[in-house]
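What follows is a set of notes on a single structure, which appears directly below.
Everything quoted here is computed from the prediction, not taken from an experiment. As the structure lists them, so they are numbered: ligands from 1, and atoms in each ligand from 1.
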Amino acid sequence: MNIVLFGPPAAGKGTQAKRLVSERGLIQLSTGDMLRAARASGTELGTKVAGIMDRGDLVSDEIVIALIEEQLDANKTAAGFIFDGFPRTVAQAEALDTALTQRGMGVNNVIRLCVDDSALVNRITKRFAEEGRKDDNPESFKTRLANYNKQTAPLLPYYSAQGKLTEIDGMADMDTVSKSVADVLNANGHGQAPKKASFWSRLFGRA
Ligand code: ADP
């Protein structure tokens, strides 16, 4: 099961992705986290992307696609992936489809967390005060939101045309949002993996 968590910056994608990791044993692939890790360890890539990230602009498609492909290959036995903050452009979505197809997989579900702009601004203002993440400053956040609307929102028709998109209310509290995410996955036949085969599946040979 491969899930794309979709939504504007600060919509809560990271929080929900982490919950899915612990509940369903999926692997979270967050390009934002990967890029921050590259910066923290002072790699050439990290140095190259630092300014772009702090301004709130997108790093190149080429860079993030390479990071994702590297992780797909490093986790060949994974039960599935949660893509968080990727894809962010139509070119990235197309590259993801190609990369997954080449590996015998595909995107199964795209879940959009819908949050009002004013709520996003409030969340970011709070996070900036608490954590001091450089790109959470008001100017960079404005750029991130504008980039989302211009470059990332066009992915919605891309995925809805494929019948993969479900929208959920991201304004609710975290547990309610998690419940909505679980409902979407369960409705799409991705119930929580059973710890052990049920009586019926053993009897009929299928889960
Ligand atoms: P958020 O979802 O809160 O905006 P992320 O942690 O996903 O934050 O991303 C932080 C920054 O990392 C982005 O503003 C951008 O500069 C860069 N980045 C992350 N993912 C991508 C991506 N898929 N394509 C281009 N740039 C990305």
Side-chain angles (χ1 to χ4, degrees), residues 2-21 27-41 43-72 81-100 107 110-156 158-159 170-171 174 177 181:
N2 297 314
I3 305 162
V4 172
L5 282 183
F6 194 91
K13 302 182 295 286
T15 305
Q16 296 304 324
K18 287 188 177 66
R19 291 183 173 200
L20 289 171
V21 168
I27 292 196
Q28 177 190 9
L29 296 185
S30 158
T31 39
D33 286 352
M34 293 177 208
L35 294 167
R36 277 186 289 276
R39 292 182 65 174
S41 53
T43 62
E44 196 182 321
L45 169 68
T47 316
K48 189 168 159 189
V49 298
I52 302 172
M53 291 175 76
D54 290 348
R55 290 204 289 282
D57 277 324
L58 294 185
V59 309
S60 75
D61 290 337
E62 202 188 351
I63 289 176
V64 288
I65 292 164
L67 288 172
I68 288 286
E69 290 203 89
E70 201 176 289
Q71 288 304 311
L72 294 179
F81 297 96
I82 307 158
F83 298 95
D84 156 15
F86 180 92
R88 258 176 157 96
T89 63
V90 173
Q92 290 177 24
E94 289 169 349
L96 178 62
D97 280 343
T98 305
L100 289 174
V107 169
V110 180
I111 301 178
R112 176 187 184 190
L113 305 180
C114 301
V115 181
D116 294 352
D117 281 5
S118 61
L120 296 174
V121 172
N122 290 340
R123 289 182 189 184
I124 282 295
T125 309
K126 188 163 167 271
R127 191 166 82 181
F128 188 47
E130 284 169 4
E131 297 173 23
R133 198 173 118 178
K134 275 201 187 129
D135 60 346
D136 282 345
N137 76 73
E139 231 8 78
S140 301
F141 188 69
K142 226 163 92 189
T143 307
R144 285 159 67 196
L145 210 49
N147 284 334
Y148 170 80
N149 288 322
K150 188 158 162 244
Q151 306 200 60
T152 309
L155 285 177
L156 293 168
Y158 178 87
Y159 284 122
M171 300 284 286
M174 282 190 246
V177 177
V181 171

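Within the 4.5 Å cutoff, no side-chain heavy atoms of Gln28 are placed close to those of Leu20. Counting only heavy atoms from C-beta outward, the side chains of Ile65 and Glu69 approach each other to under 4.5 Å. Side-chain contact between Thr143 and Arg55 is absent, with no heavy-atom pair separated by less than 4.5 Å. Taking the side chain as every heavy atom from C-beta outward, Val110 and Leu155 never approach each other to under 4.5 Å.
Each of the following atoms of ligand 1 lies closer than 4.0 Å to a heavy atom of Arg127: 3 (O). Atoms of ligand 1 found under 4.0 Å from any heavy atom of Ala10, numbered from 1 in the order shown, are 3 (O). In summary, the atoms of ligand 1 found under 4.0 Å from a heavy atom of Gly85, numbered by their order in the structure, are 20 (N), 21 (C), 22 (C), 23 (N). Less than 4.0 angstrom separates some heavy atom of Arg133 from each of these atoms of ligand 1: 1 (P), 3 (O), 5 (P), 6 (O), 8 (O), 10 (C). Within ligand 1, counting atoms from 1 as listed, the ones closer than 4.0 Å to a heavy atom of Pro9 are 1 (P), 2 (O), 3 (O), 4 (O). Near Lys13, meaning under 4.0 Å from one of its heavy atoms, ligand 1 places the atoms 2 (O).
Considering backbone and side-chain atoms alike, Val64 places every N or O at 3.5 Å or more from each N or O of ligand 1. Between Asp57 and ligand 1, at least one N/O pair is under 3.5 Å apart. Any N or O atom pair closer than 3.5 Å counts here, and Gln92 shares at least one such pair with ligand 1.
Summary of contacts: the protein heavy atom closest to atom 20 (N) of ligand 1 is Thr31 OG1, 2.8 Å. For atom 26 (N) of ligand 1, the nearest protein heavy atom (residue, atom name, distance) is Val59 N, 3.1 Å.
Considering every non-hydrogen atom in both Met171 and Arg123, the closest pair reads CA-NH2, 4.1 Å. In terms of heavy-atom proximity, Phe6 sits nearest to Thr152 at CZ-O, 3.3 Å. Listed here is the closest heavy atom pair of Ala17 and Asp84: CB-OD2, 4.1 Å. Shown here for Leu45 and Ala38, the closest heavy-atom pair between the two residues is CD2-CB, 4.1 Å.
No heavy atom of Gln151 sits closer than 4.0 Å to any atom of ligand 1. The shortest heavy-atom distance from Arg36 to ligand 1 is under 4.0 Å. Distances shorter than 4.0 angstrom do not occur between any heavy atom of Met34 and any atom of ligand 1.
From Lys142, atom NZ reaches atom CD1 of Ile124 across 15.0 Å, with rounding to the nearest 0.5 Å. With rounding to the nearest 0.5 Å, the separation of CZ in Phe83 from CG in Leu5 is 11.0 Å. Taking CE of Met34 as the start and CG of Leu67 as the end, the distance is 6.0 Å to the nearest 0.5 Å.
Looking at Ile63 against ligand 1, nothing comes within 4.0 Å, counting heavy atoms. With a 4.0 Å heavy-atom cut-off, ligand 1 is reached by the side chain of Leu35 but not by its N, CA, C or O.
The heavy atom nearest to atom 9 (O) of ligand 1, out of those in Arg144, Arg88, Met53, is found in Arg88.
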